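Keep in mind the model is a prediction, meaning the values are calculated, not measured. Each ligand, and each atom within it, is numbered from 1 in the order the structure gives.
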Amino acid sequence: MPYTDFLPAEERALGEAFLKDGYILAPAEDRDALDAIRDLVVTEACRWLECPVPADPGLFLNGIADRVPVDRLNAFRLHVIGAMNAAPWLRPAYYAIARRTLERVVSNELCMQRRINLSIQMPDDDSSLLPIHADTWSGDSPFEVVLWIPLVDCYRTKSMYLLPPAATARLETDMHRFASRSADDLCREYDRDLVWIDIPYGSFLLFNQNLPHGNRVNREPHTRWSMNCRFKGVFTPYADKRLGEFFEPITLRPASRVGLDYDYPEGFGA
Ligand SMILES: O=C(O)CCC(=O)C(=O)O
Ligand SMILES: [Fe+2]
């Protein structure tokens, strides 16, 4: 829609990068918060494994396939996710990792997914893949963004891919051709356009989940560990994921609280 842009130049540049590439990749804005989350994950993994906490968390997480058999991976993952979501400080810490960027790309009045997801992908394991999809195809509001944060260095097939906006625009005009075909067909045809994003530990990825994205079998020698969580402006339209159930406001400003609580005086306008 036409609008007048009063944003300062620096913020406009960030917004343009998000629009053009479909994502922002940047260093964690609060590195201590990120390290604290990684420490909790390592501690809980060790509790489940009944092993001592290692000196090098990165080495331990990368090498987890040597300790957890694939058929126990889901039970292991659920234990760690449960512990993550039971720690009241973890969601504020997660938010702190990208606070300024979220404010600039999304809004300063945010709601956040109530549960943070954890993905663990061992080398050559095909049991927890996400074929190409846009979250909007399965009931997410187009106003949502995903904050994706790795706990180890993620690169090539250990990471995820995104179809950039220009290629997505082509695909969307072309979509009817794929109506009766699989995600694999779609992926094959757009393979050359997919951007695999290298994301070292210590950085975050904020991406536009309206763009097709996904992952493949991890062919790198180490296990991928990544977290993801959705954010949106509190007052933007909702789809299947509802306020209160799935999303929770985290940064309401006073004028909005006043407005939300406001009732016209009894008999007003009668
Ligand atoms: O972690 C991945 O590879 C994909 C994540 C994803 O699809 C999402 O967070 O919406
Ligand atoms: Fe997704």
Side-chain angles (χ1 to χ4, degrees), residues 18 21-25 34 37-38 41 61-62 64 73-74 77-78 80-81 84-85 91 94-95 97-98 101-102 105-106 110-165 167-168 171-172 182-184 186-187 190-191 194-201 203-220 222-232 238-241 246-247:
F18 183 79
D21 303 330
Y23 67 89
I24 301 290
L25 175 63
L34 176 58
I37 294 176
R38 187 175 65 167
V41 166
L61 294 175
N62 268 314
I64 203 71
L73 179 56
N74 204 41
R77 196 178 65 88
L78 291 177
V80 178
I81 291 188
M84 286 168 65
N85 285 294
R91 284 170 69 248
Y94 197 93
Y95 162 65
I97 293 168
T101 306
L102 282 165
V105 172
V106 186
L110 290 168
C111 58
M112 178 180 187
Q113 190 173 327
R114 290 172 61 184
R115 283 184 71 79
I116 290 172
N117 292 318
L118 174 70
S119 146
I120 308 175
Q121 289 182 323
M122 293 180 170
D124 301 321
D125 173 24
D126 62 3
S127 64
S128 56
L129 301 182
L130 276 171
I132 192 164
H133 67 282
D135 296 7
T136 42
W137 299 346
S138 55
D140 284 74
S141 156
F143 292 84
E144 295 168 25
V145 297
V146 175
L147 178 58
W148 194 101
I149 305 180
L151 295 172
V152 290
D153 294 341
C154 290
Y155 55 93
R156 294 198 288 270
T157 57
K158 192 182 172 190
S159 186
M160 58 169 279
Y161 61 76
L162 192 66
L163 189 67
T168 298
L171 178 140
E172 283 170 351
S182 70
D184 283 348
L186 192 71
C187 217
Y190 281 85
D191 196 57
L194 301 178
V195 173
W196 288 86
I197 308 171
D198 287 350
I199 314 167
Y201 177 68
S203 52
F204 67 80
L205 172 72
L206 185 69
F207 74 89
N208 172 355
Q209 44 94 55
N210 303 344
L211 301 170
H213 58 275
N215 56 47
R216 293 211 185 126
V217 175
N218 174 5
R219 299 293 183 200
E220 314 314 320
H222 299 123
T223 295
R224 181 238 268 208
W225 291 73
S226 63
M227 306 174 287
N228 66 70
C229 181
R230 279 153 196 79
F231 291 84
K232 70 193 280 294
Y238 290 81
D240 291 355
K241 294 177 173 163
F246 187 88
F247 284 112

Would you mind listing each N/O atom of ligand 1 next to any protein N/O under 3.5 Å, plus the distance?
unit_1, atom_1, unit_2, atom_2, d
ligand 1, 1 (O), Trp148, NE1, 2.8
ligand 1, 1 (O), Arg224, NH1, 2.9
ligand 1, 3 (O), Asn215, ND2, 2.7
ligand 1, 3 (O), Arg224, NH1, 3.4
ligand 1, 3 (O), Arg224, NH2, 2.8
ligand 1, 7 (O), His133, NE2, 3.0
ligand 1, 7 (O), His213, NE2, 3.0
ligand 1, 9 (O), Arg230, NH2, 3.1
ligand 1, 10 (O), Asp135, OD1, 3.4
ligand 1, 10 (O), Asp135, OD2, 2.9
ligand 1, 10 (O), His213, NE2, 3.2
ligand 1, 10 (O), Arg230, NH2, 2.6

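In terms of heavy atoms, Ala167 sits closest to Tyr190 at O-CE2, 3.9 Å. When every heavy atom of Asn210 is checked against every heavy atom of Pro142, the shortest pair comes out as ND2-O, 3.1 Å. Between Val217 and Asp124 the shortest heavy-atom distance is CG1-CA, 3.5 Å. Nearest heavy-atom pair across Pro150 and Tyr201 is O-CD1, 3.4 Å.
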Show, in sequence, the C-alpha distance, side-chain angles and deciding distance for His213 and Asn208, and conclude whether the side-chain hydrogen bond (donor to acceptor under 3.5 Å, both in side chains) test is met. CA-CA 9 Å; His213 58 275; Asn208 172 355; over 6 Å; no
As a quick check of understanding, evaluate salt bridge (charged side-chain N to carboxylate O under 4.0 Å, His left out) for Asp191 and Arg216, giving each step before the final call. CA-CA 12 Å; Asp191 196 57; Arg216 293 211 185 126; 2.8 Å; yes
Between Met160 and Arg224, does a side-chain contact (heavy atoms from CB on, under 4.5 Å) hold up when you go through it step by step? CA-CA 10 Å; Met160 58 169 279; Arg224 181 238 268 208; 4.1 Å; yes
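Looking at Phe207, Trp148, Trp196 one by one, the single match for ring-ring contact (aromatic ring centres under 6.0 Å, His included) with Tyr161 turns out to be Trp196.
Counting only protein N, O or S atoms, the number found under 2.8 Å from the Fe ion (ligand 2) is 3.
Taking the six-membered ring where tryptophan is involved, the planes of Phe231 and Tyr95 are tilted, since the angle between them lies from 30° to 60°.
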